[in-house]
Novice: 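Can you keep this structure in mind? I'll have questions shortly.
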Amino acid sequence: MNREDLANLIFPSITKTIEDYEKEYPPRNLPENAKVTRFAPSPTGFMHIGHFMPALIDYVLAHQSKGVFYLRNEDTDQTREVEGAVEYIRTVLATYGLNPDEYEYKDLKETKGEYGPYIQSERKEIYHAFIKHLIIEGKAYPCFLTQEEMDAIREAQSKDKRRIGIYGRYAKYRDLPVEEAIKRIESGEKFTIRLKSTGDFNHKFKFNDLAFGELEFPENDIDIPIMKSSNGLPTYHFAHLVDDHLMRTTHVVRGQEWISSIPVHYELFKAFDFKMPKYIHIPLILKKDGEKIRKISKRYDPEAKMSFYEEKGYPTYAVIEAIMTIANSNYETWREGHPDAPFTDFEFSPKKMSASGALFDLDKLDNISKNYLSHLTKEQIYKEVLNWSSKYDLEFNEILKKYPDYSMAIYNIEREQKKPRKDYSYYSEIKDKTWYMYDEYFYDINYDFKEYNLEEVKKVLKTYLDNDYFNESDTQEEWFNKIKEMTTNLGYASEVKMYKEDPTKYKGSIIDITNIMRISLTTLDNTPNLYNIMLILGKDRITERFNRILN
RNA sequence: GCGGUGUUGGUGAAGUGGUUAACACAUCAGGUUUUCAUCCUGACAUUCAUGGGUUCGAAUCCCAUACGCCGUACCA
């Protein structure tokens with residue numbers, strides 16, 4: 001009996017060879033230097049910013065080289081799989097405009113691309129063919145170590161301060177005679193398939209990472225599992241090898257946490273004599289937690305999840321900008337020179353990527369977002385808030401639908417000018433800053449007139465109404481002159497300067513008068529320009545709101 | 001423990017032997033304005049983790065140390 005018998009025993013139905021698959025998935029016919037990238041998430045039901053960043057880079061790289069960006073579903077760990085996860089990933093990608101060129105959406109019964117299946121659990125026989133090949137070649141073997149035995153090994157190694165893993169003398173079954181292995185398998189013993197490593201831990205090799213530059217590692221000498229006994233699916237490492245080779249991936253973009261797996265991947269590719277793709281390991285996104293710095297976590301940091309940005313209502317543009325800024329240090333400078341260019345025009349350079357992890361700065365995001373929103377038209381803002389509120393604030397959504405023009409007028413305050421106001425950073429903030437403009441929200445009001453006593457407040461409001469000062473056709477100057485007139489009549493200084501020169505001569509200044517009016521109309525002492533507010537509110541509302549206080 | 005990798009202000013960072021150590025965010029101060037936001041002006045690392053060296057000259061080159069982070073699963 002030989003290794004071929006062993007291989008046939010383990011994979012009786014596998015008839016295709018790796019050469020068959022080579023032919024089935026030939027090199028892609030793409031322009032020179034076109035990059036083939038992939039986004040390969042596990043379907044765990046959420047999207048972490050640490051996954052989104054590589055996806056964004058994948059997309060940029062593929063698109064600016066006229067290559068291919070494909071989506072691969074890495075569902076080899078079915079215990080972690082969550083229903084609807086792929087659908088969710090598709091939605092997030094679509095939201096940010098990162099639609100893959102090749103994919104497989106089971107729920108939609110939609111597939112695109114010639115290099116599928118794009119779902120790992122559907123590629124089982126491909127992996128098996130590759131594993132079978134390895135077994136025949138004597139480069140992989142069945143291992144009968146039980147979980148308990150492995151735990152014991154680990155414990156002993158850790159106690160003796162040795163490297164942990166199944167290697168050297170710990171790899172008990174690597175030289176098991178074929179006959180023996182066959183006997184055990186035939187008797188129904190469980191086994192995993194391990195790589196028969198040929199590496200020497202004391203021998204180092206150099207590896208070039210596009211982001212980190214030259215790295216040095218000891219060779220892998222661990223007989224890593226390549227096929228799980230639990231479900232016959234390959235481990236990540238093996239699936240990476242097979243899929244990225246067959247799908248003709250040219251560039252693998254992934255988080256820095258994978259850097260330590262390079263020796264394993266290096267050996268795996270060597271075992272088949274396949275060319276390795278280029279690797280771009282990207283920095284981790286970190287989080288400052290008090291004094292400590294750690295990897296951002298979905299559990300403790302809401303901003304780790306992409307849903308956070310969606311719920312809060314950050315424009316996708318701003319999120320992409322913020323992440324690009326972290327990803328490539330010269331992005332901001334580029335953006336200054338190309339304010340209207342799509343981000344895909346930016347020539348992404350892995351070399352310009354910082355090697356150390358970056359703290360994600362929400363203040364910076366706010367700033368980017370604020371600037372972006374300030375340059376939208378009132379129609380655009382309205383449309384976006386409408387869209388956002390339709391998902392996250394139905395009540396507000398109803399009000400917006402009821403008063404489109406009115407709402408747009410609010411958003412337009414000091415907007416159509418060279419340097420527009422910057423009021424909002426995200427859509428959920430808009431309601432917080434405009435609620436008082438809507439009668440629907442303007443009830444059960446508690447006014448806080450600060451240092452102004454109610455009698456004085458009433459006097460001001462009454463004077464304004466009695467003189468019928470408000471006229472909707474007044475220019476801002478006319479409107480203001482009337483207020484000045486009232487100010488003087490009531491014994492206040494109509495110019496702040498005058499008041500400052502000699503405060504004893506006046507009851508206060510025009511600031512006090514406008515503030516009293518402002519609080520009366522909005523309950524707030526800081527709002528956009530009062531003239532604009534009043535113009536939008538209109539005479540009836542002004543009268544009604546003033547009278548509310550007078551009575 | 002072992003392996004890897006990193007360390008320039010509160011944050012993202014530029015910088016590769018000679019710079020006042022860019023730029024942006026944040027913060028603070030002053031000014032403009034009817035408040036706010038905007039806007040304008042200014043401040044904000046004598047110092048590049050620490051200690052040694054090399055050099056006329058170092059954040060930049062070399063060595064050591066410290067610390068951070070990642071990995072070390074039949075998870076990806």
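Values reported hereafter were calculated over all heavy atoms of this structure, with side chains retained and with hydrogens, waters and symmetry mates removed. Throughout, a chain's letter reflects where its sequence line sits, starting with A, and its residues are numbered from 1. This structure is a prediction, so every number in the text was calculated from the model and none was measured.
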Novice: By nearest atom, which of the nucleotides B/U34, B/G10, B/A73 is closest to the A/W479 side chain?
Specialist: B/U34

Novice: Looking at A/Y426, does the NZ or CZ of A/K312 lie under 6.0 angstrom from its six-membered ring centre and within 45 degrees of the ring axis?
Specialist: yes

Novice: Among B/U34, B/G1, B/A26, which nucleotide sits nearest the side chain of A/D363?
Specialist: B/A26

Novice: So, does the side chain of A/R421 form a donor-acceptor pair with the base of B/C36 at under 3.5 Å?
Specialist: yes

Novice: Quick one: on RNA chain B, does A/K190 or A/Q417 contact a more 5' nucleotide (nearest heavy atom)?
Specialist: A/Q417

Novice: Under 3.5 Å, is there an N or O donor on one side and an acceptor on the other linking the side chain of A/E414 and the base of B/U33?
Specialist: no

Novice: How many whole angstroms separate atom CD of A/Q256 from atom P of B/C69?
Specialist: 12 Å

Novice: Ignoring the backbone of A/N526, work out which of B/U34, B/G71, B/U35 is nearest its side chain.
Specialist: B/U35

Novice: Let's see if you can work this out: which of B/U5, B/C74, B/C25 has an atom nearest to the side-chain heavy atoms of A/M150?
Specialist: B/C74

Novice: Can you find a side-chain donor-acceptor pair between A/Y266 and A/N220 that sits under 3.5 Å?
Specialist: no

Novice: With rounding to the closest Å, how many angstrom separate the C1' atoms on B/U60 and B/C75?
Specialist: 41 Å

Novice: Take the protein atom CE of A/M517 and the nucleotide atom P of B/U35, then report the distance between them rounded to whole Å.
Specialist: 14 Å

Novice: If the glycosidic angle is within 90 degrees of 0 it's syn, otherwise anti, so just tell me which one B/G53 is.
Specialist: anti

Novice: Return no unless some side-chain N or O of A/T44 is found under 4.0 Å from OP1 or OP2 of B/A76.
Specialist: no

Novice: Indicate, yes or no, whether a donor-acceptor pair under 3.5 Å links the base of B/U34 to the side chain of A/N529.
Specialist: yes

Novice: On a whole-Å scale, what distance lies between the C1' atoms belonging to B/G51 and B/G12?
Specialist: 29 Å

Novice: Atom CZ of A/F480 to atom C1' of B/U33: distance rounded to whole Å?
Specialist: 9 Å

Novice: Measure from the side chain of A/D77, starting at C-beta and using heavy atoms only, and say which of B/A76, B/C74, B/C36 lies closest.
Specialist: B/A76

Novice: Taking any heavy-atom pair under 4.0 Å as a contact, classify A/F212: base, sugar-phosphate, or nothing.
Specialist: sugar-phosphate

Novice: Hey, is the side chain of A/K352 poking within less than 4.0 Å of OP1 or OP2 on B/A14, counting only N and O atoms?
Specialist: no

Novice: Where do A/A171 and A/Y141 come nearest, in terms of heavy atoms and distance?
Specialist: CB-OH, 3.7 Å

Novice: Are A/F207 and A/H281, when compared by the centres of their aromatic rings, separated by less than 6.0 Å?
Specialist: no

Novice: Among B/A26, B/A76, B/A73, which is the nearest nucleotide to the side chain of A/P225?
Specialist: B/A73

Novice: At 4.0 Å (heavy atoms only), tell me whether A/P218 reaches a base, stays on the sugar-phosphate, or touches nothing.
Specialist: sugar-phosphate

Novice: Can you identify which nucleotide, out of B/U35, B/C23, B/A76, has its nearest atom closest to the A/Y236 side chain?
Specialist: B/A76

Novice: What does A/P420 touch in the nucleic acid at a heavy-atom separation under 4.0 angstrom: a base, only the sugar-phosphate, or nothing?
Specialist: sugar-phosphate

Novice: Among side-chain atoms of A/Y127 and A/D243, is any donor-acceptor pair under 3.5 angstrom?
Specialist: yes

Novice: On a plain distance test, is the side chain of A/T235 in donor-acceptor contact with the base of B/C74 below 3.5 Å?
Specialist: no

Novice: Would A/R184 pass as a cation-pi partner of A/F191, given that its NZ or CZ must be under 6.0 Å from the six-membered ring centre and within 45 degrees of the axis?
Specialist: no

Novice: For A/K422 and B/C39, is the shortest distance between a side-chain N/O and OP1 or OP2 below 4.0 Å?
Specialist: yes

Novice: In Watson-Crick or G-U wobble terms, both distances under 3.5 Å, what is the partner of B/G1?
Specialist: B/U72

Novice: Have A/Y236 and A/S42 got a donor and an acceptor in their side chains that come within less than 3.5 Å?
Specialist: no

Novice: Considering Watson-Crick and G-U wobble pairs with both distances under 3.5 Å, what does B/U33 pair with?
Specialist: none

Novice: Would you say A/R154 places a side-chain N or O within less than 4.0 Å of OP1 or OP2 belonging to B/A73?
Specialist: yes

Novice: Under a 3.5 Å cut-off for both distances, is B/A66 Watson-Crick or wobble paired, and to whom?
Specialist: B/U7

Novice: Toward the 5' end of RNA chain B, which comes first, A/K497 or A/F217, by nearest nucleotide?
Specialist: A/F217

Novice: Paired with B/C56 by Watson-Crick or G-U wobble geometry, both distances under 3.5 Å: which nucleotide is it?
Specialist: B/G18

Novice: So does A/S197 get a backbone contact from the side chain of A/R174, meaning a donor-acceptor N/O pair under 3.5 Å?
Specialist: yes

Novice: Between B/A76 and B/G71, how many Å separate the two P atoms, rounded to a whole number?
Specialist: 15 Å

Novice: If you measure from the C1' atom in B/U46 to the same atom in B/U20, how many Å do you get, rounded?
Specialist: 11 Å

Novice: A/K419 side chain: which of B/A76, B/U34, B/C40 is closest?
Specialist: B/C40

Novice: At under 4.0 Å between heavy atoms, what does A/S158 touch on the DNA or RNA strands: base, sugar-phosphate, or nothing?
Specialist: nothing

Novice: Compute the ring centroids of A/Y464 and A/Y469, then answer whether they are less than 6.0 Å apart.
Specialist: yes

Novice: Base of B/G71, side chain of A/S261 - is there a donor-acceptor contact under 3.5 Å?
Specialist: no

Novice: Between atom OH in A/Y469 and atom P in B/U34, what is the gap in whole Å?
Specialist: 18 Å

Novice: For the pair made of CG in A/D75 and P in B/C75, what is the distance, rounded to whole Å?
Specialist: 13 Å

Novice: Determine the Euclidean distance between corresponding P atoms of B/U27 and B/U11; express it in Å to zero decimal places.
Specialist: 15 Å

Novice: Considering only the P atoms, how many Å lie between B/A22 and B/G53, rounded to the nearest integer?
Specialist: 29 Å

Novice: The side chain of A/K228 is closest to which nucleotide in this list: B/U11, B/U34, B/C74?
Specialist: B/C74

Novice: Give me the distance, rounded to whole Å, that separates B/A13 from B/U7 when you measure between the C1' atoms they each carry.
Specialist: 14 Å

Novice: Please determine, for the side chain of A/Y531, which listed nucleotide (B/U34, B/U5, B/G1) has the closest atom?
Specialist: B/U34

Novice: Would you tell me if any nitrogen or oxygen in the side chain of A/K204 comes within less than 4.0 Å of OP1 or OP2 on B/G4?
Specialist: yes

Novice: To the nearest Å, give me how far apart CD (A/E219) and P (B/U72) are.
Specialist: 21 Å

Novice: Looking at every strand, decide which applies to A/I513 at a 4.0 Å heavy-atom threshold: base, sugar-phosphate, or nothing.
Specialist: nothing

Novice: State whether the side chain of A/N367 and the backbone N or O of A/D363 hold a donor-acceptor pair below 3.5 Å, judged by distance alone.
Specialist: no

Novice: Within this structure, what is the CD1-to-P distance between A/I511 and B/U34, rounded to whole angstrom?
Specialist: 8 Å

Novice: Please state how far atom CZ in A/R38 lies from atom P in B/A76, giving the value in whole angstrom units.
Specialist: 14 Å

Novice: Do A/R163 side-chain and B/U72 base share a donor-acceptor contact under 3.5 Å?
Specialist: no

Novice: Just checking A/T333: base, sugar-phosphate only, or nothing, at a heavy-atom cut-off of under 4.0 Å?
Specialist: nothing

Novice: Using atom P in both nucleotides, what's the gap between B/C63 and B/G68 to the nearest angstrom?
Specialist: 23 Å

